[in-house]
Amino acid sequence: MTILRIALPIPKRQLFDYSYQGPPPKLGVRVQVPFGPRTMIGLLWEIADSSQWPEDKLKAVIQVLDEQPVFNATQIKLCNWLATYYKHPLGDAIQTALPVALRKGGSNEPKIIHYWALTDKGQQTDISELSRAPKQQACLTQLKVAALEKSSANRDFGAATLKALLTKELVQSKEYTMADREPWTQQIQISDKPQANTQQALAISCIEASIGKFACFLLEGITGSGKTEVYLQAIESVLLRGQQVLILVPEIGLTPQTVFRFKHRFGIEVGVLHSALTDNERLQVWQQSAAGQLGLIIGTRSAIFTPMLNPGLLIVDEEHDASYKQQDGLRYHARDLAVMRAHTENIPLVLGTATPALETLNNALTGKYHHLHLPLRAGNAVVAKQQVFDIRQQPLEFGLAKGMLERIALHLKQGSQVMLFINRRGYAPALMCHTCGHVEQCHSCNKPFTLHKSLYKLQCHHCGAAKPIPKACNNCQSSEISSQGVGTEQLEQGLVEYFPDYASVRIDSDTTRGKNKLDTMLNKINNNEYQILIGTQILSKGHHFPNVTLVVIMDVDGALFSADYRAAEHLAQLITQLAGRAGRAEKPGEMWLQTHDPAHPLLQDLINNGYGHFARYALLERQQANLPPYTYQALFKAQALSARDAHEFLQQIADLFNHEAGLACLGPIPALMEKRQGQYRMQLLLQSQHRSSLQQAINRHINQIENLGLGHKVRWALDIDPQDFS
Ligand code: ADP
Ligand code: ZN
Ligand code: ZN
């Protein structure tokens, strides 16, 4: 009898033994097994000839679902690493990595794929003849490069568009099985490309020199400096060797235009993975990539799990982007996983950005990563001029100073667009005096207190000290003290009344939810249908706004005085990204930062010396404050209907770790947002100088934590390398 050790999709940190008759299947195949009263699908992880359980107690495998493993050796390694590093149950880690269609037990046999392809007539048609039907024209433009998978083409261009093209006999429906398609290696056709400038050429040759071995590159270059062109030319070398390339982009940056730029350069089909795909579409890309039948795969965070038969290069674009960190379930960071994967597969990894995360920058500065710079602008991009606007003692209307409103009016009159940016997400409210700009600080830590309105107190998130909310400013006695920030809705309403002649649009995660909504909105903006743009984070990602000549950041102070030590870094990234995306050569933009502290050193450094300088200074601050990337953190989060339960649960965990040498344990304290949806939220932060001590300490206690009695009253999670303290 053989013992199959199965990873099951349940939150238990163990494998489960089942008996099996017959020749052992391959590791990484799916098996169906009985579990309690139900059956489950798990993955065969180990094979053994004995079990710690008596043989007659073992249940038998019901059936083996695959002949060939659904995971290759790399993916098995990655899942093991995920489980070990993030202290996450293996079976659950595997679920995260596996396409939903396979989790549900669907067949892993490749299906027939349905395509739209051009007819001979379509091939010969001049695209400009279709200028009166822009959707058909756009679709035909794409089809000239490569055939399109049917359901995704229908989604991107609309089924009606394709029907119209079919009626005109410009397109035809085609089907292939994966095996009988012409390999992409024979389809590659490199279209015209610019001559790389000196810095680009240097970067490209460094990356090329690493093909076939592990290396990490930070490609640091301002927006429009030609990073994508560097990717394209490096990718070309890899593709021409017959090797595959996987590119990660932030969710919001994955537009049909982005994909087209890659497709167009190489003339091959591109596998696209994003959240709007159906389970079967996702599986199709996964299967084709695993079989080596796609040369290029572009996707968002979870695309990092896509198997490749013949991997050659990994790219993470906008590597600083927060969307690469999963914030629930298995809290992995796709950028860190990309490093692991490149190492495992022995291939180079390029991390590109205008605003590197401090972790990444530190790795580049210490020589762990190769640092490639693109200091010059390629093409005709411009950067908006950044200035501070002192709002102390100024009457504010819906968060805007009078002088700011006057500037907005001026730009609108000139026919330009203005953009107002609210920067709130995840930032802890500090208590600030509007008269003198004073911020209530903890005396032991010299860090701002965080305002917890529902607890009627101020609390320091660095030492835990708390005190009641004062009634007047401790510096000037003014009673005009308040937490920072106005909401987007309040701002929009105010602006609509103040500027009735101009159309405004709000762009945040609420208004852009839904199919193609953001795309439609962006098109309308670029057609000048809106003049006043109000938004959050989304605006800083991947989109250019050539008609915007004025950008106002409403509330810089919230981030400067936040208890979240990453807030200033994120603010600087956002300001820099926005400045690089507004205006154009003939019509450069200006950017104003409203603040109560115009002399703030980080702010001054950023606007005078740029992100690169700011980031090095911020790293120095982190080092002096003993914060990441110079220390390592793990965050226990707990929430419960009763604040006491959540607190007590974390206190029991704290008691386990308090005796550990070389480990600092802060808390339990309330989360920055202490109450959400009726649940009280508490946190306990562990920190160490050494990653390994932190890891080992958690290993020693995790089973005990899992079995704490209060665990059934409290929802808890462990976040390794936490990014978000809200
Ligand atoms: P980034 O990705 O850094 O924002 P891109 O690669 O998109 O920059 O380049 C910005 C613009 O400059 C694009 O229109 C691109 O085609 C153009 N460009 C890039 N490199 C060159 C070059 N070496 N010569 C001329 N134009 C270039
Ligand atoms: Zn303190
Ligand atoms: Zn004051």
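Starting from 1, each residue takes its place in the sequence as its number. Numbering of ligands and ligand atoms starts at 1, following listing order.
In Gln195, the part holding a heavy atom less than 4.0 Å from any atom of ligand 1 is the backbone.
Counting atoms of ligand 1 from 1 in the listed order, those under 4.0 Å from a heavy atom of Ser225 are 3 (O), 8 (O). Residue-ligand proximity, Gly226 to ligand 1, at heavy-atom distances under 4.0 Å covers atoms 1 (P), 3 (O), 5 (P), 6 (O), 8 (O), 9 (O), 19 (C). Within the listing of ligand 1, atoms 3 (O) sit less than 4.0 angstrom from a heavy atom of Ile222. Interface of Asn197 with ligand 1, defined as ligand atoms under 4.0 Å from a residue heavy atom, comprises 23 (N).
Looking at Gln233, Glu229, Arg261, it is Arg261 that brings a heavy atom closest to atom 7 (O) of ligand 1. Of the candidates Lys227, Gln200, His544, Arg581, the one placing a heavy atom closest to atom 1 (P) of ligand 1 is Lys227.
Draw a line from the Zn ion (ligand 2) to SG of Cys442 and another to SG of Cys460, and the angle between them is 110° (to 10°). The SG atom of Cys476, the Zn ion (ligand 3) and the SG atom of Cys433 define an angle of 110° (nearest 10 degrees).
Using a cut-off of 4.0 Å between Lys/Arg side-chain N and Asp/Glu carboxylate O, Arg265 and Glu229 are scored as salt-bridged. At a threshold of 4.0 Å, the pair Glu359-Arg566 counts as salt-bridged, since one of the basic side-chain nitrogens sits closer than that to a carboxylate oxygen. Under a 4.0 Å N-O distance rule, the pair Arg581/Glu318 qualifies as a salt bridge. Taking 4.0 Å as the cut-off between side-chain N and carboxylate O, Asp719 and Lys325 count as a salt-bridged pair. Taking 4.0 Å as the cut-off between side-chain N and carboxylate O, Glu220 and Lys227 do not count as a salt-bridged pair.
Contact annotation: His434 places no N, O or S atom under 2.8 Å from the Zn ion (ligand 3). His443 lies apart from the Zn ion (ligand 2) in this respect, since none of its N, O or S atoms is found at a distance under 2.8 Å. Under 2.8 Å from the Zn ion (ligand 3) lies no N/O/S atom of His438, from backbone or side chain alike.
Within the structure, the closest approach of Ala196 to ligand 1 falls below 4.0 Å when heavy atoms are considered.
Side-chain contact between Leu400 and Met554 is present, with heavy atoms from C-beta onward closer than 4.5 Å. Considering only heavy atoms from C-beta on, Leu313 stays 4.5 Å or farther from Ile211 through its side chain.
His333 contributes a side-chain N or O that, together with a main-chain N or O of Arg335, makes up a donor-acceptor pair within less than 3.5 Å.
Among the atoms of Gly224, some N or O lies under 3.5 angstrom from an N or O of ligand 1.
Counted by atom type alone, Gln577 and Gln573 present zero donor-acceptor pairs between their side chains at under 3.5 Å.
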